[in-house]
Every structure is written in C-alpha cells, then in structure tokens.
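Written below as structure tokens is the structure these notes are about.
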Amino acid sequence: MTVITRFAPSPTGFLHLGGARTALFNWLYVRHHGGRFLLRIEDTDRARSTKEAIAAILDGLAWLGLDHDGEVAYQSAHAVRHAEVAQRLLAQGMAYHCFCTPEELAEMREKAKAEGRPVRYDGRWRDRDPAEAPPGVPPVVRFKAPREGETVIRDLVQGEVRTANDQLDDMVLLRADDTPTYMLSAVVDDHDMGITHVIRGDDHLTNAFRQTQLFKALGWKIPEFAHIGLIHGPDGAKLSKRHGALGVEAYREMGFLPEAMCNYLLRLGWSHGDDEIISTEQAIAWFDLDAIGRAAPRFDLVKLTSLNGHYLRAADAPRLVDLIAPRLVPVLGREPAGPERERLAQAMGSLKERAKTLVELADNAAFYVRNRPIPLSEAAAAVVDKEARARLARLRPRLAEAGDWTEAALEEAVRGFAEADGLKLGQVAQPLRAALTGATISPGIFEVMRILGRDEVLGRLDDIRQPAKRQPA
RNA sequence: GACCCCAUCGUCUAGAGGCCUAGGACUCCGGCUUUUCAAGCCGGUAACACGGGUUCGAUUCCCGUUGGGGUCACCA
C-alpha cells in the first residue's frame with residue numbers, strides 16, 4: 001500500500017510552530033515509507049481565509065524544505081461534491097434537516113449548562129416530521145449519529161481510544177446556506193484524495209470519533225490516525241497568542257536556520273535514543289510514528305537557539321555571507337559587494353563560532369565592512385584611553401613596516417612590541433581590538449588584522465588618534 | 001461541568017520488570033585553554049507526582065488520588 005498523507009492547514013494565519021511540526025511529521029513519514037505528501041488548504045470558512053495566509057503557509061513550508069507532491073488542493077473548490085455527499089446521506093436516512101434557529105440552539109446550550117448537563121444538541125429534529133418545520137427557517141443538515149455503543153479509534157500515537165456514542169451529538173454537515181462544514185469536507189476530501197494516514201494535532205482527537213462515524217456511514221475505508229501532542233508554552237498551556245505564538249517566518253527573521261528549526265521540532269516529542277543532532281537524511285531513515293511521545297511538549301527557545309548555534313557552525317561561509325548580507329544594509333546603506341563579501345567569507349569561519357543566530361552573526365560581522373571611522377562601543381571607548389592610544393601610536397610604525405601581512409608575522413610583531421615595552425600581550429591586544437573592531441569582543445585579533453588588510457588597519461589606527469572627530473556608537 | 005488524553009532532572013528526552021548508584025541534550029555552576037569573547041574538552045548541581053496493589057523484585061504492569069492538558073460552534 002502506498003502511504004498518502006496530507007497537511008491540511010486552514011489559511012486564517014501564518015504557519016505556526018505546531019503546524020510546522022505536523023507538516024514535518026507528515027513529510028518524514030512519507031519520505032520514510034515512500035508515498036505522497038499532499039497539501040490541502042482548508043478554506044471552507046471563506047470569511048476568515050486570506051490570500052496572505054495561504055502565501056505565508058506556502059512560504060513557511062518551502063523555507064523548511066517540506067515539499068509536497070502534486071498540486072495544492074483547495075477545499076473550497078470541492079464544495080459541490082461535499083454537498084452531494086450530504087444529500088446522499090439525507091436520501092439514505094443517515095442525515096436529517098434540523099430547523100433550529102441559532103437563538104434556539106444558544107438557549108439549549110445555556111439551559112444545559114445551567115442544569116450541569118453536557119452541552120450538546122439534543123436531536124430534537126432527528127425524528128421529527130419536516131412538515132412541522134417553522135416557516136422561514138432555512139434548515140441545516142445534521143448527521144444522524146449512532147446513539148448506542150461506542151466508537152473506537154486505534155490511534156498510531158495515542159493507542160486505542162474509545163468514546164461512548166451518546167457523548168457525541170448530531171453534527172452539522174451542511175449549513176443553512178448549503179455550504180459544507182469542516183467535519184464533512186475533511187472526511188470527503190480525505191477519502192477522495194486517498195489519504196491513508198492522518199497525522200495531525202491532538203486537538204483533532206475528538207473529531208476523529210465523529211469522522212470515523214461518518215466514514216462508516218459512507219461505507220468508506222477509515223484512514224489510520226496519528227494524533228500528536230500539541231506544542232505548549234513554558235506554562236504548560238497550548239501555545240497561543242499570549243505566549244507570543246509566532247509564525248515560522250518570525251523565527252526566520254530572528255535568525256534561525258531551517259535545518260535547526262526542523263531538528264528542534266523533530267526532537268520535540270520524538271526521539272531516537274540519545275541522538276540530538278539529526279540530519280534530514282537520518283531523520284527520514286529513522287522516523288516512525290511509534291517513537292512519538294504521547295505527552296504535550298513545551299517549546300524551549302533556549303534549546304532551539306543552542307541547536308541553531310550548532311547548525312550555524314556547520315554551515316559554509318558563502319551561504320552564511322548570503323544570509324547575513326541583507327542584514328548588513330542598516331550599517332552599510334546597501335548590501336555588501338564583491339571585496340566586502342570576500343572579506344566576510346574569510347572571516348566567517350571564526351565569526352560563526354561566536355554567534356547563535358544570524359542576527360548575532362551579522363552584528364558581529366559588521367565591523368569588517370563598516371566605513372571609517374568605525375563607531376566605538378562604550379566599553380571599547382573606555383579601553384582606548386590616553387595611555388592606550390599612545391601605545392597604539394608606537395605600535396603603528398612596526399605594523400607599517402611588517403614584512404609579511406600574515407597572522408604569524410603580525411603576532412610576532414605585536415608580541416615583540418609588547419615585550420620590548422614590558423607589556424603583557426593583553427595590554428596591547430585589547431586597545432588594538434577596540435580600535436580595529438570598535439568592540440572589546442571579537443575573533444582573534446591577528447586574524448582580524450590579516451583579513452582587514454594593512455591599509456585598513458593603519459587607517460583605523462590613525463582614526464583612533466582623533467577621538468574628537470568620532471561619533472558615539 | 002461532561003468526555004478524552006497525559007505524567008522521569010527547570011525544559012526536551014533515554015528507559016519497554018532485575019542491566020538504574022536512573023543515561024543523554026539544553027540551561028546553570030566550576031575547571032582547562034587563552035589577546036577578548038566564543039567554540040572545544042573535563043567535572044558538578046538537578047527527576048522516576050502521591051497512595052495502593054501484582055511480583056522474589058517495580059521508573060517500567062494494574063487501580064485510585066493529585067496535577068496538567070485537549071475537546072465540547074451553522075470555526076477549522
């Protein structure tokens with residue numbers, strides 16, 4: 001049997017973390033077993049669905065590298081088919097017209113609540129003659145759900161879960177305006193698309209019971225279900241706006257790499273022994289549903305950040321230069337060009353060890369391409385006091401005359417100077433660092449000098465002699 | 001409230017009756033290295049929610065309690 005899964009987001013917002021993880025699991029399951037991963041936009045609520053949301057979801061998936069097979073399906077395009085299925089159920093006596101008004105329903109709910117009874121539709125039109133229908137009330141079509149017995153689903157993650165049928169009321173299939181509801185659309189589309197495995201958030205677990213009943217009534221094969229725990233915030237409650245729940249594009253903006261995001265999301269609720277760093281290839285080879293934990297995991301930005309640091313260090317220089325180039329526009333006024341990019345590429349090796357996000361990386365790299373005179377941080381300004389400036393002034397000719405502009409030669413020159421002056425290396429290196437990078441923290445100073453080049457180094461040393469002309473950082 | 005689900009360090013988790021003196025990762029704290037900061041390496045703090053069973057033996061199985069979560073729309 002070919003495995004066919006789907007990711008079926010409703011386009012009412014960005015691709016949030018939970019959705020991204022659901023998509024990832026669906027994608028991995030298919031890539032592992034061989035099969036098709038379909039994408040279906042559940043836009044049956046046309047009032048809340050937007051083009052922007054669809055674009056954001058598509059962008060998010062593309063960024064994460066979760067490519068789907070075939071064309072994107074839009075659920076709204078199948079509305080006629082869905083309605084036909086409802087009519088068929090109606091004709092077979094497995095569904096019925098309900099003439100309750102919204103007000104009547106609200107009243108029913110309130111009364112049940114007040115009496116401490118479960119809030120459900122009481123089935124008052126289930127066996128009533130449509131001839132008794134009140135005038136002017138357009139009916140909805142409700143599913144005639146079984147009232148006895150129980151519905152059991154064998155969930156691939158949650159195990160066997162059962163619910164008494166009297167806990168489930170008669171759901172609406174077709175609204176008063178004849179449009180299909182989610183419950184109907186999802187079942188019909190899953191059947192029509194040949195979905196074999198429904199992997200989705202745990203919040204759909206109760207829907208699985210109703211959908212199972214519908215599948216049965218229609219005489220269709222029921223797909224396998226796998227309900228994965230929802231991602232929770234630090235306080236244990238479902239990730240929501242109040243936790244600052246963000247779309248994946250926000251994490252991209254914060255400087256996270258897609259591979260770090262995928263690795264993090266994969267390890268959130270799923271594990272393979274003690275493995276932490278897992279490549280996409282390994283993930284495909286190892287992934288399976290039975291290793292998914294049943295409990296809801298909490299989102300931990302610190303761990304994501306740490307993982308991102310790892311992938312940043314593993315990334316190659318040209319790619320990182322490409323990624324930070326747009327982030328350098330604020331300091332350069334434009335994206336870095338040829339020679340600047342070359343300089344950045346050379347510096348990337350040691351720069352990436354000092355950053356956990358692309359934001360940090362760009363910040364730390366900026367001094368390499370800044371125009372002179374470079375601004376000094378407060379701490380750096382404090383380092384280059386009068387004495388330190390005098391020291392640098394004495395060092396300058398030595399550098400100007402240095403034979404080779406290699407790290408070894410530069411180190412020898414600076415160390416020799418420090419020794420001759422009876423100084424510790426740090427007493428020379430820190431002022432030098434401040435003058436050349438504008439900060440008290442940077443990669444090794446000799447590497448910085450080498451990459452900056454003799455002219456730039458001497459120029460920046462000259463700049464430091466006229467502190468009055470500088471702008472504060 | 002009803003129904004359903006869940007429960008190992010702060011967090012993500014390993015563990016599928018004796019391999020557990022409960023392992024790994026992140027965080028945190030030390031140390032090494034050192035021109036700063038990282039990275040790296042070494043070391044440390046930190047958990048089986050509670051109560052009953054079952055068993056020669058429970059983190060692992062069963063029941064209950066507690067705690068947490070999810071769902072109860074003409075939304076998806």
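- Using a 4.0 Å heavy-atom criterion, one finds that A:Phe446 contacts the bases of the nucleic acid, with or without backbone contacts as well.
- Phosphate contact (OP1/OP2 of B:A76, side-chain N/O of A:Thr44, threshold under 4.0 Å): present.
- For the residue pair A:Gln213 and A:Thr151, a side-chain donor N or O sits within less than 3.5 Å of a side-chain acceptor on the partner.
- Looking at heavy-atom distances under 4.0 Å, A:Cys100 makes contact with a base.
- The cationic atom of A:Arg40 (NZ for Lys, CZ for Arg) does not lie both less than 6.0 Å from the six-membered ring centre of A:Phe7 and within 45° of the ring axis.
- Comparing B:U36, B:C5, B:C74 by their closest approach to the side chain of A:Leu105 singles out B:C74.
- Contact check on A:Glu132 versus A:Arg128 returns a salt bridge, with a Lys/Arg side-chain nitrogen under 4.0 Å from an Asp/Glu carboxylate oxygen.
- Along RNA chain B, the nucleotide nearest to A:Arg120 and the one nearest to A:Ala355 differ in position, and the one closer to the 5' end is contacted by A:Arg120.
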* To do: Kindly determine whether A:Glu407 and A:Arg450 satisfy salt bridge (Lys or Arg N to Asp or Glu O under 4.0 Å), including the steps that lead there.
  => CA-CA 6 Å; A:Glu407 280 173 51; A:Arg450 189 203 89 222; 2.3 Å; yes

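- A donor-acceptor contact under 3.5 Å is not formed by the side chain of A:Arg294 with the base of B:C6.
- Among the atoms of the strands shown, only primed sugar atoms or phosphate atoms (P, OP1, OP2) are found under 4.0 Å from some heavy atom of A:Lys238.
- If you check B:A73, B:C3, B:U35 against the side chain of A:Val119, the one that comes closest is B:A73.
- Residue contacts shown for A:Pro9 are absent, as no nucleic acid heavy atom lies under 4.0 Å away.
- Remark: A:Arg267 is not in phosphate contact with B:U13, judged by side-chain N or O atoms under 4.0 Å from OP1 or OP2.
- Here A:Arg109 pairs with nothing under the side-chain hydrogen bond (donor to acceptor under 3.5 Å, both in side chains) rule; sequence neighbours left out.
- Within 4.0 Å (heavy atoms only), A:Ile445 reaches at least one base atom of the nucleic acid.
- Here the straight-line distance linking atom CG of A:Leu423 with atom CZ of A:Arg391 works out to 5.5 Å at 0.5 Å rounding.
- Using a 4.0 Å heavy-atom criterion, one finds that A:Gln158 contacts the sugar-phosphate atoms exclusively.
- More than 12 heavy atoms of other residues, nucleotides or ligands shown are found within 6.0 angstrom of CZ on A:Arg126.
- Interface remark: the A:Asn207 side chain does form a donor-acceptor pair with the B:A76 base, using a distance-only criterion of under 3.5 Å.
- Remark: the A:His227 side chain and the A:Asp203 side chain contain no N/O donor-acceptor pair separated by less than 3.5 Å.
- With distances taken from any side-chain atom of A:Ala295 to the nucleotides B:C37, B:C6, B:C5, the minimum falls on B:C6.
- Across all strands, A:Arg210 comes closer than 4.0 Å to no nucleic acid atom at all (heavy-atom distances).
- Below the 3.5 angstrom threshold, one finds a donor paired with an acceptor across the side chain of A:Asp274 and the base of B:G23.
- By the 4.5 Å heavy-atom criterion applied to side chains, A:His16 and A:Leu246 are not counted as neighbours.
- Considering only side-chain atoms of A:Asp203, the nucleotide from B:C37, B:G70, B:A76 that sits closest is B:G70.
- Looking at the side chain of A:Glu276, the nearest of the listed nucleotides B:U13, B:A39, B:G24 is B:G24.
- Taking the six-membered ring wherever Trp is involved, the centroid distance between the rings of A:Tyr311 and A:Phe256 does not fall below 6.0 Å.
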* Asked: Which parts of nucleotides 59-68 of chain B does protein reach within less than 4.0 Å, heavy atoms only, written one letter per nucleotide 5' to 3' as B for base, S for sugar-phosphate only and - for none?
  -> ----------

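- Here A:Arg48 lies in heavy-atom contact (under 4.0 Å) with a base.
- For the segment residues 300-314 of chain A, residues with any heavy atom less than 4.0 angstrom from an atom of RNA chain B are, sorted by number, A:Asp300, A:Val302, A:Lys303, A:Ser306, A:Arg313.
- Residue A:Ser271 places at least one side-chain N or O closer than 4.0 Å to OP1 or OP2 of B:A14.
- Under the 6.0 Å cut-off for aromatic ring centres, A:Tyr96 and A:Trp125 do not qualify, their centroids lying 6.0 Å or more apart.
- Within the nucleic acid shown, A:Val140 comes within 4.0 Å of at least one base atom, counting heavy atoms only.
- Distances were taken from every side-chain heavy atom of A:Lys356 (C-beta onward) to each of B:A2, B:A39, B:C74; the shortest belongs to B:A39.
- The side chain of A:His204 has B:A76 as its nearest neighbour among B:G23, B:A38, B:A76.
- The separation between A:Asp166 atom CG and B:C4 atom P is 10 Å, rounded to whole Å.
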